[in-house]
Each structure stands twice: as structure tokens, then as C-alpha cells.
S.K.: 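Okay, handing you the structure first.
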Amino acid sequence: MSWSTVLGEFKMIKTAIKTKAYAANRCGEELKPLEIQRREPGANDVLIDIKFCGVCHSDVHQVKDEWGGARFPMVPGHEIAGIVASIGEQVTRFKPGDRVGVGCMVDSCKECDSCNDGLEQYCENRMVLTYNDLELDGKTPTHGGYSDHITVHERFVVRIPDELALDKAAPLLCAGITTYSPLMHWQAGPGKSVAVVGLGGLGHMAVKLANAMGANVTAISRSLNKKTDAEAMGAKDYLATSDPSSVEKAQERFDLIINTVSSAADMNTYLGMLKRDGVMVLVGAPNEPLPVQAFSLIPKRRSLAGSTIGGIRETQEMLDFCGQHNIGADIEIISIDKINEAYERLLKSDVRYRFVIDIASLQ
Ligand code: NAP
Ligand code: ZN
């Protein structure tokens with residue numbers, strides 16, 4: 001280690017930035033105020049004043065340690081929108097005052113084939129999650145966007161187009177990119193019949209994005225309650241799984257299904273709706289195993305696939321696409337002291353369609 005690196009680290013420790021946050025101190029506990037430290041921007045870092053942070057169902061899974069390996073105290077939040085406060089001396093892509101976002105990753109090895117292909121989410125060494133993870137040093141915990149500042153390597157910061165309001169843009173950083181990426185990969189577009197299962201944060205973004213890509217979109221929800229909303233988002237058709245006759249009519253209808261369901265649901269019902277060679281992509285991440293019958297896949301050469309978030313290049317592409325098509329999330333703004341209530345409501349699917357925390361309420 002060179003002297004300048006040692007001095008740099010010393011400076012970082014001395015000038016850590018006091019940051020207000022909300023955290024779960026233990027598994028499943030209610031979130032409460034906590035003061036954390038952010039590093040002063042290093043040469044390639046951007047310090048961001050967080051303005052808004054979306055509330056993803058992944059936040060609830062992780063606070064409850066449903067995926068295992070949770071680290072506490074945990075400051076959730078990976079749908080971050082804010083303004084650049086300051087930059088390190090080698091930062092070239094951003095300047096103070098810029099409108100920016102940070103999603104689910106804050107670092108990766110930056111040199112493997114996946115990173116070089118712009119697919120940092122599939123980094124072959126280690127991708128660093130925005131929270132509930134350790135930095136590449138293997139010891140500093142990462143903390144997410146339920147906080148007033150964050151320091152991030154510029155490679156993992158994206159620009160929010162001027163056309164998009166920051167509050168409606170925040171959910172694009174996870175819900176947007178997680179659905180945009182598989183829609184692009186499996187070529188949703190004109191002539192393609194795309195179904196979206198589950199009309200929550202991810203699902204409502206998938207409907208808007210697939211429609212803007214020119215696909216013929218069907219929204220699949222459990223009840224008829226969200227029909228009018230789904231049509232306004234661009235769904236040409238709507239199907240309630242509570243009605244067996246509409247499930248029957250949907251057999252072998254879709255080229256692509258984006259499945260956003262957050263708990264274990266019957267995969268065979270949805271697989272039966274795929275045409276020959278159709279693909280169902282799981283983006284929903286329940287912790288329980290999902291039963292799949294061989295005969296849901298074999299007769300029509302169907303595929304069941306998975307996809308996680310998207311790379312940084314693709315995240316910027318998605319934001320620019322949303323800017324051009326004027327696509328933001330449908331949101332309910334909350335103050336941070338309502339976060340525990342919001343989690344309860346999210347578990348009951350009682351949100352239209354994303355809670356977004358106004359970080360100004362973090363006093
Ligand atoms: P959300 O807002 O709670 O939406 C999930 C939707 O799934 C609900 O609105 C509901 O839609 C449907 N649903 C819930 N339980 C169901 C059940 N038992 N049967 C059928 N449908 C059910 O959650 P979200 O924030 O969109 O996240 C969805 C999932 O994606 C979570 O598991 C999350 O962790 C995961 N996720 C994955 C990635 C990734 O990289 N792959 C990224 C972000 C999030 P209806 O009310 O319309 O039926
Ligand atoms: Zn998320």
C-alpha cells in the first residue's frame with residue numbers, strides 16, 4: 001500500500017460524514033432512527049443528497065432475513081434518487097447539482113467478463129449490494145437509501161433525465177430496471193404477446209415498459225380490483241386468477257410472461273399460459289421452493305428462466321427510455337416515520353403501486 005493510499009484512508013476515517021438513517025436493529029424488528037457514517041468521497045466517488053427512496057418488497061424480505069445471511073443493523077433502500085452534493089477529484093461523469101440515481105449495486109470487481117460486458121449484476125467475482133452487504137474491503141457494511149446521504153463509486157451512479165420527477169423516478173432504479181432488462185433480453189416488442197403476473201411495484205412498471213416497447217400486454221392479478229389502473233398503464237387485456245374461466249381462456253396465449261409474485265404461488269397455472277417456445281421469467285423472489293410440474297414445460301418446449309436487476313449501462317438506457325416515453329412509477333409518498341406501516345400494507349398488496357419515502361422527513 002502506498003503512502004498516498006494510507007493517507008487517503010486516514011483522511012477518509014477522520015472525515016466520515018454523519019448521516020441520518022432508519023434501520024432495523026435486529027431481524028424482523030421495526031425500523032427506527034439510527035446515525036451512520038458515510039465515507040468522504042474518494043477520487044472516484046460521488047456524494048449524493050438523497051431526496052427520495054422507493055420501498056421495494058426486497059426490503060421487507062431482507063429485514064425479515066427471508067433470504068438468509070442478513071446483516072444488522074440494516075438500513076434498507078435501493079431505489080435512490082437525489083442530487084450530487086460533491087465529487088472526488090477524478091470523477092468525470094457528474095458534477096454537483098446533477099440529478100442522479102443509485103439502484104441495487106454500489107460496486108463490483110469491475111474487471112471480469114460480466115463487468116466488462118456491462119452486466120455487473122452477474123459479476124463473476126463479487127457484486128456489492130447497496131445494503132445488507134459488505135464493501136469490497138470485506139469489512140465495511142453497506143447501508144441503503146433510507147438515509148440522507150450516500151457515497152458511491154461514479155460507475156454505479158446513473159443520470160435521471162430532466163423529463164422525470166425525482167420521486168416518480170426513484171422506483172425505476174430497481175422496479176424499472178428489473179423488468180426492463182428481461183423485457184429487452186427476451187425481445188418484448190411489436191407482435192409479441194407479453195403477460196405480467198402480479199401488479200405491485202415491479203409488475204406495474206413491467207406493464208408500462210412492455211406497452212411502450214410496443215408489445216401486446218396482458219396484466220394478470222389475483223382479483224379484478226386493479227383492472228382500471230392496469231388499462232391506464234397500457235394493458236390491452238386483464239385477467240383475474242380468481243376467475244377460473246379467464247385462466248382457462250388464457251391457455252397457450254403468451255410469448256413471454258414476467259412473473260413478479262413475491263410469495264410462492266402456483267407456477268403451473270402461469271406456465272400453462274405460454275405458447276410453444278414461450279418463456280416465463282421469474283423476477284419475484286419468494287424464499288420458498290416453487291413446485292413446477294415437468295408436464296407444464298415439456299409438451300410445448302416452454303422455458304422457465306430467472307433474471308436479476310440490470311447492468312449500469314442498461315439502467316441508464318432504461319432511464320433514458322423512460323424520459324423519452326414519459327414513464328414514471330405510480331407512487332404514494334410517505335414520511336419515513338410511516339415506514340413500518342408501509343411494510344404492513346405492502347404485505348397486503350395495499351399500495352398503488354410503490355411507496356416512496358420523502359427523505360426530507362428524516363429529521
Ligand atoms: P409488491 O409490490 O409487493 O408486488 C408483488 C405482487 O405480487 C403483489 O402486488 C401481488 O399482485 C402479487 N402477489 C403477492 N402474493 C401473491 C400470491 N400469493 N399469489 C399471487 N400473486 C401474489 O412487490 P415488488 O416490490 O414488486 O417485488 C416483487 C418481488 O420481486 C419480490 O419478491 C422482490 O423481492 C422481487 N424482486 C426481485 C428483483 C430481482 O432482481 N429479480 C428485484 C426487485 C424485486 P396482485 O395484487 O396484482 O395479485
Ligand atoms: Zn428492489
Side-chain angles (χ1 to χ4, degrees), residues 53-67 76-80 101-105 119-122 127 129-132 144-146 170-183 185 195-208 218-230 233 235 238-243 247 257-270 281-288 290 305-311 314-315 318 329-332 342-356:
C53 185
V55 178
C56 180
H57 205 116
S58 303
D59 301 349
V60 182
H61 287 307
Q62 291 178 89
V63 162
K64 291 173 177 274
D65 195 11
E66 289 177 357
W67 296 337
H78 58 207
E79 293 187 337
I80 298 170
V102 175
C104 302
M105 298 178 284
L119 296 168
E120 300 89 346
Q121 76 276 31
Y122 302 118
M127 169 260 274
L129 293 167
T130 303
Y131 70 89
N132 191 21
Y146 298 6
L172 302 178
L173 276 305
C174 173
I177 185 59
T178 301
T179 50
Y180 181 89
S181 186
L183 286 168
H185 186 77
V196 175
V197 185
L199 273 186
L202 267 58
H204 94 289
M205 287 312 312
V207 171
K208 290 183 184 210
T218 298
I220 304 180
S221 188
R222 285 166 295 178
S223 70
L224 284 169
N225 296 342
K226 300 176 180 174
K227 185 168 192 280
T228 316
D229 291 347
M233 290 167 203
Y238 184 96
L239 197 158
T241 48
S242 53
D243 170 15
V247 171
I257 299 178
I258 304 290
N259 188 326
T260 76
V261 174
S262 52
S263 48
D266 179 17
M267 293 298 110
N268 302 294
T269 303
Y270 306 123
V281 186
L282 296 182
V283 289
N287 53 322
E288 308 93 341
L290 302 171
S307 180
T308 193
I309 50 174
E314 194 173 44
T315 305
M318 175 274 309
D330 292 2
I331 59 171
E332 178 176 337
Y343 279 12
E344 292 301 318
R345 286 182 52 198
L346 190 56
L347 286 169
K348 291 186 228 151
S349 301
D350 173 23
V351 52
R352 307 244 169 151
Y353 281 84
R354 197 55 136 188
F355 291 116
V356 171

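Counting convention: from 1, in listed order, for ligands and their atoms alike.
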S.K.: Without swapping roles, check the side chain of S307 against the backbone of V283 for a donor-acceptor pair under 3.5 Å.
M.R.: no

S.K.: Using heavy atoms and a 4.0 Å limit, tell me yes or no: is S307 in contact with ligand 1?
M.R.: yes

S.K.: Give a yes or no answer on whether the side chain of Q121 reaches the backbone of G311 with a donor-acceptor pair at less than 3.5 Å.
M.R.: yes

S.K.: Please write down residue, atom name and distance for the protein heavy atom closest to atom 17 (C) of ligand 1.
M.R.: S263 OG, 3.6 Å

S.K.: If the contact criterion is a heavy-atom separation under 4.0 Å, does F355 count as touching ligand 1?
M.R.: no

S.K.: Please determine whether side-chain contact (heavy atoms from CB on, under 4.5 Å) holds for the pair T315 and E120, giving the CA-CA distance in whole Å, both sets of side-chain angles, and the decisive distance to 0.1 Å.
M.R.: CA-CA 11 Å; T315 305; E120 300 89 346; over 6 Å; no

S.K.: Measuring from atom 32 (O) of ligand 1, which candidate in R354, H57, H61, H204 has the nearest non-hydrogen atom?
M.R.: H61

S.K.: Spell out, as yes or no, whether a donor-acceptor pair under 3.5 Å connects the side chain of E79 to the backbone of A175.
M.R.: yes

S.K.: Taking C-beta and beyond as the side chain, do W67 and N132 meet within less than 4.5 Å on heavy atoms?
M.R.: no

S.K.: What's the shortest distance from atom 39 (C) of ligand 1 to any protein heavy atom, and which residue and atom give it?
M.R.: T178 CG2, 3.5 Å

S.K.: Is C104 close enough to the Zn ion (ligand 2) to have an N, O or S atom under 2.8 Å?
M.R.: no

S.K.: Give, rounded to 10 degrees, the angle between SG (C174) and SG (C56) as seen from the Zn ion (ligand 2).
M.R.: 130°

S.K.: Can you tell me which residue and heavy atom of the protein come closest to atom 28 (C) of ligand 1, and the distance to 0.1 Å?
M.R.: T260 O, 3.0 Å

S.K.: Can Y343 and V55 be said to form a side-chain contact (heavy atoms from CB on, under 4.5 Å), step by step?
M.R.: CA-CA 8 Å; Y343 279 12; V55 178; 3.6 Å; yes

S.K.: Does the N or O separation between T308 and ligand 1 drop below 3.5 Å for any pair?
M.R.: yes

S.K.: What residue and atom, counting heavy atoms only, is the protein's closest point to atom 11 (O) of ligand 1, and at what distance?
M.R.: L199 N, 3.2 Å

S.K.: May I ask you to check if any N/O/S atom from H57 comes under 2.8 Å of the Zn ion (ligand 2)?
M.R.: no

S.K.: Output the list of atoms in ligand 1 that are nearer than 4.0 Å to some heavy atom of W67, sorted by atom number.
M.R.: 34 (O)

S.K.: Can you tell which of A175, G198, S58 gets a heavy atom nearest to atom 33 (C) of ligand 1?
M.R.: S58

S.K.: Suppose we measure from atom 46 (O) of ligand 1 to each protein heavy atom; which comes out shortest, and what is that distance?
M.R.: K226 NZ, 2.7 Å

S.K.: If I take atom CG from residue L172 and atom OH from residue Y180, how far apart are they, to the nearest 0.5 angstrom?
M.R.: 11.5 Å

S.K.: Quick one: does S262's side chain have a donor or acceptor within less than 3.5 Å of a partner on G284's backbone?
M.R.: no

S.K.: Looking at A265, which atoms of ligand 1 are within less than 4.0 Å of one of its heavy atoms?
M.R.: 19 (N)

S.K.: Does the side chain of S181 pick up a donor-acceptor pair with the side chain of E314 at under 3.5 Å?
M.R.: yes

S.K.: Among P182, G200, S221, which one puts a heavy atom closest to atom 47 (O) of ligand 1?
M.R.: S221

S.K.: Would you call the rings of Y131 and H78 parallel, tilted or perpendicular, taking 30° and 60° as the class edges?
M.R.: tilted

S.K.: Distance to 0.1 Å, residue and atom name: give those for the protein heavy atom nearest to atom 35 (C) of ligand 1.
M.R.: V283 O, 3.5 Å

S.K.: Identify, for atom 10 (C) of ligand 1, the protein heavy atom at the shortest distance, and state residue, atom and that distance.
M.R.: R222 NH2, 3.3 Å

S.K.: Going by distance only, is there an N or O of C56 that falls short of 3.5 Å from an N or O of ligand 1?
M.R.: no

S.K.: Side chain of K226, backbone of S221: donor and acceptor closer than 3.5 Å?
M.R.: no

S.K.: Would you give the length of the straight line joining atom OH of Y238 to atom CG of D229, rounded to the nearest 0.5 angstrom?
M.R.: 8.5 Å

S.K.: Looking only at protein heavy atoms, which one is nearest to atom 14 (C) of ligand 1, and what is the separation?
M.R.: S262 OG, 3.6 Å

S.K.: For atom 2 (O) of ligand 1, tell me which residue out of C174, A264, G201 has the closest non-hydrogen atom.
M.R.: G201

S.K.: For the residue pair I331 and P171, what are the closest heavy atoms and their distance?
M.R.: CG2-CG, 4.0 Å

